[in-house]
Chemist: 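There's a structure below that I have some questions on.
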Amino acid sequence: MENHKFNFSQIEKKWQEKWEKEKVFEVKESKSKKKYYVLEMYPYPSASFLHVGHVRNYTIGDVYARFRRMNGFNVLYPMGYDSFGLPAETAAKKEGIHPKKYAETSIKKIMAYQKALGNSYDWSRIIASHDPEYYKWNQYFFLKLYEKGLAYRKKAPVNFCENCESVLANEESEGGKCWRCGNEVIQKDLEQWFFKITDYADKLLKDLNKIEWPERIKIMQKNWIGKSHGTNIEFKINDEKWLVFTTRPDTIYGVTFMVISAQHPRLMELVSEAQKKDVEKFLKKIKSTSEKDLEELDKEGVFTGSFAINPVTNEKIPVWAGNFVLADYGSGMVMAVPAHDQRDFEFAKKYKIPIKVVIQPEQYELAPEKMSRAYTEKGILANSKEHDKISSDTAIEIISDFLEKKKLGKRTIQYKLRDWLISRQRYWGTPIPIIYCDKCGIVPVPEKELPVKLPEKIDLKSKGNPLATNKDFVNTQCPKCAGKATRETDTMGGFVDSSWYFLRYCDNKNKKKPFDEKKVNYWMPVDQYIGGAEHAVMHLLYARFFIKALKDMGFVKFDEPFKKLFNQGILHASDGNKMSKSRPKYVILPEMVSDKYGIDTARLFLMFVSSPDKQMEWTDKGVEGSFKIINKLIRLKDNLNTKSNKANENRINATVKKVTENIENFEYPKSIIAIIEALDYFSEGISKKNYEILIKLISPFCPHIAEELWHNLGNKSFISLEKWPKAGKINEKLLAQEKQIDNLIEDINNILRILEGKGEKKEKIKIFAIPNEIDLYKEAKDKIEKSTGMKAEILSIKDAKEQGKKIKAKPGKPGIFVE
RNA sequence: GCGGGAGUGCCGGAGUGGUCAAACGGGAUGGACUCAAGAUCCAUUGGCUCAGUGCCUACAAAGGUUCAAAUCCUUUCUCCCGCACCA
């Protein structure tokens with residue numbers, strides 16, 4: 001009807017251009033305005049299109065940014081691109097283009113889409129991690145961390161993905177598979193660069209209390225850090241001291257053997273001549289089975305030929321090598337108490353090692369020969385000499401004290417968290433600014449020589465790391481002795497880039513420093529971060545560490561980067577797969593909807609019907625509903641003559657309150673419902689002032705149409721910068737009364753329908769109300785008549801008696817009589 | 001196995017001690033408007049009942065607490081997510 005005049009794509013373009021031209025969303029530090037930093041995880045520009053997950057993500061952020069902005073905050077809402085990384089390299093390889101070109105064209109495309117979505121980014125702050133002006137500072141921070149001893153190089157068994165031809169961080173190996181390509185991860189001994197995140201394990205754990213994140217993400221981080229209290233106990237093996245970590249020192253009397261990890265670097269020291277053959281055979285076997293599913297791995301081991309001395313009992317116990325002990329947790333060796341640990345139990349059963357019960361349950365008595373599994377609960381100590389009869393809980397303390405006093409052990413804290421492996425054997429990343437000199441050893445590149453630029457001419461076809469074969473890059477001079485030296489050819493993993501990008505947005509053009517401290521301390525921390533849960537123990541953990549390290553080095557004044565986090569969940573398609581760029585069928589192009597409905601419809605749809613972690617299905621019919629809402633809003637502009645009344649004001653106030661609260665809590669669908677209800681309520685007419693309020697309320701969701709309508713009403717300002725409406729006092733009673741009228745109308749209609757079914761035609765309804773409700777119904781008489789199509793008469797219940805009708809009326813429920 | 005979350009109508013999903021047969025959207029059915037289509041609007045969409053605003057039955061299952069439970073507690077089942085031999 002009217003709306004055919006509305007050319008959505010034209011309106012969108014118009015306002016997008018105006019926003020850009022008048023720098024509506026560009027911001028500066030301000031002393032008078034309170035800042036608010038809204039940020040979405042910066043996207044990886046590999047795709048030439050966006051998938052629904054992205055679009056939704058950005059819209060969630062944009063709605064929030066717009067909302068905060070209209071609430072008077074100085075809102076920083078930037079966008080940038082995580083343009084380094086393996087996918088660009090592989091994609092580029094496949095398509096035969098240079099990763100740089102690939103990244104830059106992708107960015108252009110993505111930007112165009114994002115602009116088409118109408119998001120209110122401050123585009124002047126754009127960054128891209130492959131830009132030397134950006135990665136220069138990666139190198140700078142690397143050097144700073146190196147100075148502080150927080151970056152180091154060591155040879156270690158690391159996760160290696162043969163498909164990606166690179167090592168992976170611990171966090172990137174998911175259940176023994178590469179997080180990116182799903183390939184089996186194998187173990188390799190390599191010299192690698194690490195960041196010492198473990199130094200911050202405790203802080204990372206404790207400070208989770210400071211931040212308002214979804215509980216599940218916090219729990220995931222907590223589990224990942226994996227703090228446990230225990231005791232390191234000294235066992236003598238071949239007259240040498242070996243430390244063993246345990247959380248159950250109370251079971252020390254029950255130790256019947258020891259197990260050292262098969263991957264332990266010092267394993268061979270314990271292997272006797274006689275056992276050498278067996279051990280080697282065993283190690284070979286383990287290697288060949290390592291590709292099997294870890295879940296089905298049986299506990300296996302072999303006797304090393306050595307014996308350990310239990311420090312409290314002085315018993316001589318055999319030392320085994322086993323496949324179920326982790327080399328890099330604790331000390332890589334465990335004291336095995338088969339009676340009270342399931343793994344030890346299985347192992348002991350298999351190799352017929354004695355089982356000794358030292359904890360007895362209170363209800364019954366354990367006998368080692370009858371046990372079918374380990375007893376791991378609490379109980380009372382037995383067979384433990386002077387410690388007998390103590391409860392296991394107190395025994396942990398008493399025995400720990402005992403060991404500490406005798407200098408046989410020490411209480412310690414263990415973490416599961418391992419240091420962050422940052423080197424990658426790939427081309428498309430930040431070069432690690434290190435030079436190896438035969439004379440001087442490891443020499444950091446001097447700061448003034450940064451950035452160490454990635455060479456653009458490169459042979460991508462070669463196997464392995466293309467940088468390693470690039471002589472111009474590799475061969476260099478030692479900055480110390482000027483002698484011949486070679487460059488580190490590993491690059492940094494992409495999570496280094498993403499660990500501080502949000503700081504660069506605060507001052508993205510600084511040539512002298514990574515950022516100006518004042519600016520960063522003004523904008524940071526990010527008040528509202530938005531992104532997927534898949535980064536729970538990767539990006540989100542690394543960034544927290546990075547900021548803590550920067551704080552300790554004096555770069556920043558805060559120690560948590562993201563105050564609040566909103567997690568939209570991972571989008572799944574109906575087949576259970578994650579939506580991703582590799583599955584184009586889940587990808588929607590913004591044009592698909594914008595041509596027909598306009599992008600505001602798409603935005604509204606995504607914010608309305610899609611629930612956070614459910615699959616998203618893009619159907620035309622679904623979009624239709626959102627389109628109707630927008631059309632209702634547009635049509636209402638032709639109904640502006642009505643003067644407002646008390647009830648109208650009340651309704652508007654209630655709507656403002658609901659919409660505001662729900663946006664604050666990211667319950668967008670509820671906000672939209674409140675708007676829909678108001679649109680229905682006012683469908684007969686609305687005052688101009690209230691109409692403007694409604695437009696403001698919907699503007700974060702549908703910014704283009706809101707601007708247009710706002711403008712059409714004669715306003716010269718941008719609605720995007722207008723003040724968010726404030727809810728006046730709400731009269732709940734009035735709302736209840738309105739509902740009461742609605743109920744009455746429903747009841748009347750119900751009766752009429754019944755009568756109609758019987759073929760009886762009536763013309764008039766008499767409503768018999770209790771005395772103090774008469775006025776209420778009299779006021780609503782017009783509405784009742786209109787909605788029922790009947791003449792209505794409002795009477796007192798007393799009249800019913802006089803008229804001889806047997807009709808009852810209750811408060812809120814008047815008697816109805818049809819005639 | 002451990003940890004986290006969830007199970008409401010044809011569907012997506014509101015509701016978390018009484019006002020709830022259940023917001024809002026989608027779908028379906030019927031009607032109005034129209035030459036027609038679209039758009040728009042109205043009604044119905046658990047069962048029964050049809051002088052009538054009523055009654056009955058739901059909120060994964062079974063128990064319990066309570067004057068009162070979808071909502072609190074216990075157990076069980078199912079699904080999703082995360083971790084997975086961490087000593």
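Chain letters run A, B, ... following the sequence lines, proteins first and then strands; every chain starts at 1.
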Chemist: If B/A84 has a Watson-Crick or G-U wobble mate with both distances under 3.5 Å, name it; if not, just say none.
Modeler: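 The base-pairing partner of B/A84, which may sit in any strand shown, does not exist here.
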Chemist: Between A/L540 and A/I217, is there a side-chain heavy-atom distance shorter than 4.5 Å?
Modeler: yes
Chemist: Within 90° of 0 counts as syn, otherwise anti: where does B/G63 fall?
Modeler: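 Anti conformation here, the glycosidic angle of B/G63 being more than 90° from 0.
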Chemist: If pairing requires Watson-Crick or G-U wobble contacts with both distances under 3.5 Å, which nucleotide is the partner of B/C24?
Modeler: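 Base-paired to B/G12.
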Chemist: Starting from P on B/G82, measure out to CE on A/M220 and report it in whole angstrom.
Modeler: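 Between P of B/G82 and CE of A/M220: 7 Å.
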Chemist: Please figure out whether A/Q414 or A/E215 has its closest RNA chain B nucleotide nearer the 5' end.
Modeler: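 With A/E215 and A/Q414 compared, the 5'-side residue is A/E215.
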Chemist: Give a yes/no answer on whether the side chain of A/Y329 brings an N or O atom under 4.0 Å of OP1 or OP2 in B/A87.
Modeler: yes
Chemist: Taking B/C20 as the reference, what is the distance to B/A37 when you measure between their C1' atoms (whole Å, please)?
Modeler: 40 Å
Chemist: Residues two or more places apart in sequence or in another chain: which of them pass salt bridge (Lys or Arg N to Asp or Glu O under 4.0 Å) with A/K350?
Modeler: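 If we apply the salt bridge (Lys or Arg N to Asp or Glu O under 4.0 Å) test to A/K350, skipping adjacent residues, the hits are A/D298.
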Chemist: Using atom P in both nucleotides, what's the gap between B/U19 and B/G25 to the nearest angstrom?
Modeler: 23 Å
Chemist: Can a side chain N or O of A/K222 be found less than 4.0 Å away from OP1 or OP2 on B/G82?
Modeler: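 It does not, given that no N or O in the side chain of A/K222 lies less than 4.0 Å from OP1 or OP2 of B/G82.
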Chemist: To the nearest Å, give me how far apart CG (A/N665) and P (B/G15) are.
Modeler: 11 Å
Chemist: Identify whether any heavy atom of A/I219 sits under 4.0 Å from a base atom; if not, whether one sits that close to sugar-phosphate; answer base, sugar-phosphate or nothing.
Modeler: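 It contacts sugar-phosphate atoms only.
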Chemist: Say whether A/D202 and A/Y415, considering side chains only, have a donor N or O and an acceptor N or O under 3.5 Å apart.
Modeler: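 Yes, because at least one side-chain N or O of A/D202 sits under 3.5 Å from a partner of the opposite role on A/Y415.
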Chemist: A/T59 and A/Y668: side-chain donor and acceptor closer than 3.5 Å?
Modeler: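 There is no such pair between these side chains.
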Chemist: Given the side-chain rings of A/F347 and A/W320, with only the six-membered ring counted for Trp, is the space between their centroids under 6.0 Å?
Modeler: yes
Chemist: If the C1' atom of B/G15 is compared with that of B/A22, how far apart are they to the nearest Å?
Modeler: 8 Å
Chemist: Rounded to whole angstroms, how far apart are CZ on A/R343 and C1' on B/C2?
Modeler: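 Going from A/R343 (CZ) to B/C2 (C1'), I get 13 Å.
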Chemist: Could you tell me if the side chain of A/F682 sits less than 4.5 Å from the side chain of A/I652, heavy atoms only?
Modeler: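 Of all side-chain heavy-atom pairs linking A/F682 with A/I652, at least one is under 4.5 Å.
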Chemist: Taking B/A23 as the reference, what is the distance to B/G12 when you measure between their P atoms (whole Å, please)?
Modeler: 15 Å
Chemist: With a 4.0 Å cutoff (strictly under), does any side-chain N or O of A/S228 reach OP1 or OP2 of B/A87?
Modeler: yes
Chemist: Between B/A69 and B/A62, how far apart are the C1' atoms? Round to whole Å, please.
Modeler: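 Looking at atom C1' only, B/A62 and B/A69 are 15 Å apart.
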Chemist: Between the protein and nucleotides 22-24 of chain B, which nitrogen or oxygen pairs come in under 3.5 angstrom?
Modeler:
| residue | atom | partner | partner atom | Å |
| --- | --- | --- | --- | --- |
| B/A23 | O2' | A/E677 | OE2 | 3.0 |

Chemist: Taking a pair as Watson-Crick or G-U wobble with both distances under 3.5 Å, which nucleotide is matched to B/C67?
Modeler: B/G18
Chemist: Just name whichever nucleotide pairs with B/C33, Watson-Crick or G-U, keeping both distances under 3.5 Å, else none.
Modeler: none
Chemist: B/A87 P sits how many Å from A/Y415 OH, rounded?
Modeler: 14 Å
Chemist: Under 3.5 Å, is there a donor-acceptor pair between the A/T247 and A/S228 side chains?
Modeler: no
Chemist: On a whole-Å scale, what distance lies between the C1' atoms belonging to B/A21 and B/U34?
Modeler: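 B/A21 and B/U34 have their C1' atoms separated by 36 Å.
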Chemist: Please measure how far the C1' atom in B/A70 lies from the corresponding atom in B/G9, and state the result in whole Å.
Modeler: 14 Å
Chemist: So what's B/C55 paired with, Watson-Crick or G-U wobble, going by both distances under 3.5 Å?
Modeler: B/G47
Chemist: I'd like to check the side chain to side chain contact (heavy atoms under 4.5 Å, CB included) partners of A/S261; sequence neighbours left out, ordered by chain and number.
Modeler: A/Q263, A/H264, A/V325, A/A327
Chemist: Both A/F245 and A/N223 contact RNA chain B. Which one's nearest nucleotide lies toward the 5' end?
Modeler: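 That would be A/N223.
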Chemist: May I have the distance from A/I217 (atom CD1) to B/G3 (atom C1'), rounded to whole angstrom?
Modeler: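 Atom CD1 in A/I217 sits about 14 Å away from atom C1' in B/G3.
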Chemist: Would you call the rings of A/W179 and A/H535 parallel, tilted or perpendicular if under 30° counts as parallel and over 60° as perpendicular?
Modeler: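 Perpendicular: the ring planes of A/W179 and A/H535 meet at over 60°.
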Chemist: Counting side-chain heavy atoms from CB outward, which of B/A84, B/C41, B/C86 is closest to A/K632?
Modeler: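 Minimum distance to the A/K632 side chain belongs to B/C41.
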Chemist: Regarding A/V259, tell me which of base, sugar-phosphate or nothing describes its non-hydrogen contacts under 4.0 Å with the strands shown.
Modeler: nothing
Chemist: Rounding to an integer number of Å, can you tell me how far A/E684 CD sits from B/C42 C1'?
Modeler: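 That distance rounds to 12 Å.
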Chemist: Give the rounded distance in Å between these two atoms: CE of A/M538 and P of B/C83.
Modeler: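 The distance from CE of A/M538 to P of B/C83 comes to 9 Å, rounded to the nearest Å.
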Chemist: Any side-chain heavy-atom pair from A/E171 and A/R418 closer than 4.5 angstrom?
Modeler: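 No, every pair of side-chain atoms sits at 4.5 Å or beyond.
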Chemist: Sticking with atom P, work out how far B/C55 lies from B/G7, rounded to a whole angstrom.
Modeler: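 Comparing P positions in B/C55 and B/G7 gives a spacing of 30 Å.
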Chemist: Under 3.5 Å for both donor-acceptor distances, Watson-Crick or wobble: does B/A6 have a partner, and if so which one?
Modeler: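 Pairing partner, where one exists within any strand: B/U78.
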Chemist: In this structure, how many angstroms lie between the C1' atom of B/A84 and the NZ atom of A/K299, rounded?
Modeler: 12 Å
